[in-house]
Visitor: 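Just dropping this structure here.
Numbers restart at 1 for each chain; the letters A, B, ... are given by sequence-line order, proteins then strands.
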Amino acid sequence: MTTKSARVRFAPSPTGYLHVGGARTALFDWLLARKTGGQFILRIEDTDRKRYVPDSLDDIEEHLRWLGLQWDEGPDVGGPYGPYFQSERLEHYRRAAEELIAKGWAYRCYCTPERLEQSRQERQKRGEPPGYDRRCRFMSDEERAELEAQGAPYVVRLKVPLEGETVVHDLIRGEIRFENKTLEDVVLLKSDGYPTYHLAVVVDDHLMQITHVLRGDEWIPSAPIHVMLYEALGWEQPQWVHLPLILDPSGKGKLSKRKKKNPDGTESETMTLVREFREAGYLPEAMFNFIALLGWAYSGDEEIFTPEQAIQKFDLKDIKKSPAVFSYEKLEWMNGVYIRKLSPEDLAERIVPFMQKAGLNVTAEQLVPLVPDIQERIKTLAEAPGMLDFFFRDIETPAPEALIPKKMDAEKTRHALEAARATLANVEWEHDAIETALRQLAKDLGLKAGQLFQPIRIAITGKRVAPPLFTTIEHLGRERVLERLDRAIATLANA
RNA sequence: GCCCCCAUCGUCUAGAGGACUAGGACACCACCCUUUCAAGGUGGAGACAGGGGUUCGAAUCCCCUUGGGGGCACCA
């Protein structure tokens with residue numbers, strides 16, 4: 001199914017930051033190109049001057065690269081089919097529009113936005129479909145000549161046949177049929193001379209020799225328009241591949257930025273931008289793996305894979321038809337899997353920025369010995385500072401209640417900590433020696449391990465939940481351990 | 001309203017007419033391990049939306065119903 005080399009493009013518009021839906025499309029494009037030895041092209045669809053967001057292009061490029069999706073042609077890298085910004089290709093669209101008019105496949109429409117809006121409302125009131133009423137399509141020659149002579153502003157609209165049907169051959173859905181009478185005379189060229197998506201995408205995909213158009217399912221309704229344009233212009237169609245939608249975790253509706261109610265009644269925003277996942281401490285390799293599984297699977301039981309393995313296995317026929325719910329829980333699990341795979345050095349380096357953001361000025365070298373203890377405890381990099389902060393800044397002396405374990409009182413706890421302090425003051429400062437000494441101490445005191453260890457843990461880390469005790473003691477160093485124990489003992493004495 | 005798409009555990013999926021007592025993963029529950037929390041191990045609960053066909057035989061093919069979703073801009 002995917003043997004010949006494919007030329008595919010990811011064509012975002014610079015109106016917002018890269019979101020997971022776009023990333024998924026780009027990822028599939030990239031996989032197909034790599035799989036077939038073809039090209040992955042980045043094309044910027046900047047034809048809406050009103051919605052332009054200046055730094056969105058940087059964000060899109062940065063995060064495509066973050067995911068490892070380098071393009072072969074496009075901004076920065078150039079290529080033989082440029083320019084890759086649609087705003088620099090207006091001449092192509094204008095020419096295509098002229099050709100369509102000449103062939104009787106399009107016409108100039110002089111209707112003002114106001115009239116369109118008014119007509120829309122009237123039709124709605126009458127219970128008719130809300131589309132354009134085709135006034136200018138059936139305008140008299142005299143009227144048309146007059147408006148033309150006046151130099152009235154116009155748009156170019158497609159002259160959709162009033163009868164018959166148009167068939168879209170979708171690679172994963174088969175034939176999709178549309179009755180032409182249900183289709184609209186869409187705008188092809190806006191009055192400012194810029195093309196709409198419909199015209200631009202067809203012209204550029206043809207000129208850039210795109211072989212496969214991968215895009216979201218939400219484009220299916222306009223696919224017949226594009227098919228018509230290919231036919232009208234006498235061009236060969238690309239393969240149409242409409243990807244299943246990505247649904248919100250609720251399963252209702254497209255994944256999009258919106259407020260979500262938490263079980264506890266608070267509201268939080270759904271994460272949808274790739275940059276947000278990055279900032280939340282997700283690894284690019286985990287994101288790649290997870291996003292690849294959004295609407296694609298090659299096997300029922302292999303779901304952790306490298307980009308190379310994905311390329312090897314990728315086949316358009318394995319793309320699902322049904323929409324996929326975005327599961328944050330599964331992503332989190334998968335991120336944990338990838339975190340556990342990292343070497344301590346690698347993990348340490350990736351954690352550094354998160355430590356700094358938390359106000360902890362540390363180096364990767366300092367982190368390396370500490371990282372193995374939290375590696376299987378964190379699911380995102382952003383959780384690291386909360387587990388390691390006590391190594392790098394002083395802690396508040398815990399409250400007495402926090403220090404006292406179940407079935408013990410302040411007095412007993414204090415005695416235990418004093419004994420521990422005495423033991424730790426003299427023990428050889430090495431993990432196994434510390435463990436042996438403290439275990440023996442618990443036995444001597446007639447305490448269960450937890451009854452001794454938990455107060456020590458809280459005294460030296462300030463946390464109820466912390467990394468394993470003996471390595472923590474070792475890495476914290478004798479001086480700080482004794483000092484923190486002293487403070488805890490003092491607090492208990494005053495309780 | 002009109003057009004279009006989709007339908008296996010809560011979620012992602014395996015399944016391409018007989019190998020299905022419907023397999024795996026996340027999440028969930030229990031137990032084990034254990035200094036907390038994790039990680040890991042073992043086990044458990046949990047699905048073919050409904051109805052008609054086709055066929056010796058249907059989760060798999062066809063039709064209808066239902067349900068869910070998407071689209072109807074001088075936005076992409």
Visitor: I want to check one thing: is the phosphate of B:U13, taken as OP1 and OP2, less than 4.0 Å away from some side-chain N or O of A:Lys330?
Guide: no

Visitor: Compute whether any side-chain donor of one residue and acceptor of the other, for A:His242 and A:Arg215, lie under 3.5 angstrom apart.
Guide: yes

Visitor: Among A:Arg108, A:Lys159, A:Arg134, which one satisfies salt bridge (charged side-chain N to carboxylate O under 4.0 Å, His left out) with A:Asp185?
Guide: A:Arg134

Visitor: So, is A:Arg173 close to the B:C4 phosphate, meaning a side-chain N or O under 4.0 Å from OP1 or OP2?
Guide: no

Visitor: Both A:Asp192 and A:His431 contact RNA chain B. Taking the nearest nucleotide for each, which residue is further toward the 5' end?
Guide: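 The answer here is A:His431.
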
Visitor: Report yes if the side chains of A:Val53 and A:Pro14 come closer than 4.5 Å at any heavy-atom pair, otherwise no.
Guide: no

Visitor: Under 4.0 Å between a side-chain N or O of A:Lys254 and OP1 or OP2 of B:G71?
Guide: yes

Visitor: Between A:Lys50 and B:C75, does any side-chain N or O lie under 4.0 Å from OP1 or OP2?
Guide: yes

Visitor: Donor-acceptor pair under 3.5 Å: do we get one between A:Arg464's side chain and the base of B:U36?
Guide: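 Checked by distance alone, the answer is no.
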
Visitor: A:Phe290 and ring pair (Phe, Tyr, Trp, His ring centres under 6.0 Å): which partner among A:Phe326, A:Phe277, A:Trp296?
Guide: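 Exactly one pass, corresponding to A:Phe326.
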
Visitor: Check the interface with nucleotides 14-22 of chain B: list each N/O to N/O pair with the protein under 3.5 Å, or write none.
Guide:
unit_1 : atom_1 : unit_2   : atom_2 : d
B:A14  : OP1    : A:Lys320 : NZ     : 2.4

Visitor: Does A:Arg51 put a side-chain nitrogen or oxygen below 4.0 Å from OP1 or OP2 of B:A76?
Guide: no

Visitor: Answer yes or no: is there a donor N or O on one side and an acceptor on the other, between the side chain of A:Asn289 and the main chain of A:Pro307, under 3.5 Å?
Guide: no

Visitor: A cation-pi test, strictly: NZ or CZ of A:Arg157 under 6.0 Å from the centre of the six-membered ring of A:Tyr132 and no more than 45 degrees from its axis. Yes or no?
Guide: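 The answer is yes, since A:Arg157 meets both limits relative to A:Tyr132.
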
Visitor: Determine which nucleotide pairs with B:A7, using a 3.5 Å limit on both distances of a Watson-Crick or G-U wobble pair.
Guide: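 By the stated definition (distances under 3.5 Å), B:U66 pairs with B:A7.
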
Visitor: Between residues 11-29 of chain A and RNA chain B, which residues have a heavy-atom gap below 4.0 Å?
Guide: A:Ser13

Visitor: Closer than 4.0 Å, any side-chain N/O of A:Ser322 to the OP1 or OP2 of B:C5?
Guide: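 Indeed not, no polar side-chain atom of A:Ser322 lies that close.
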
Visitor: Kindly indicate whether the side chain of A:Thr182 and the base of B:C2 share any N or O donor-acceptor pair separated by less than 3.5 Å?
Guide: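 Donor-acceptor pair under 3.5 Å: no.
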
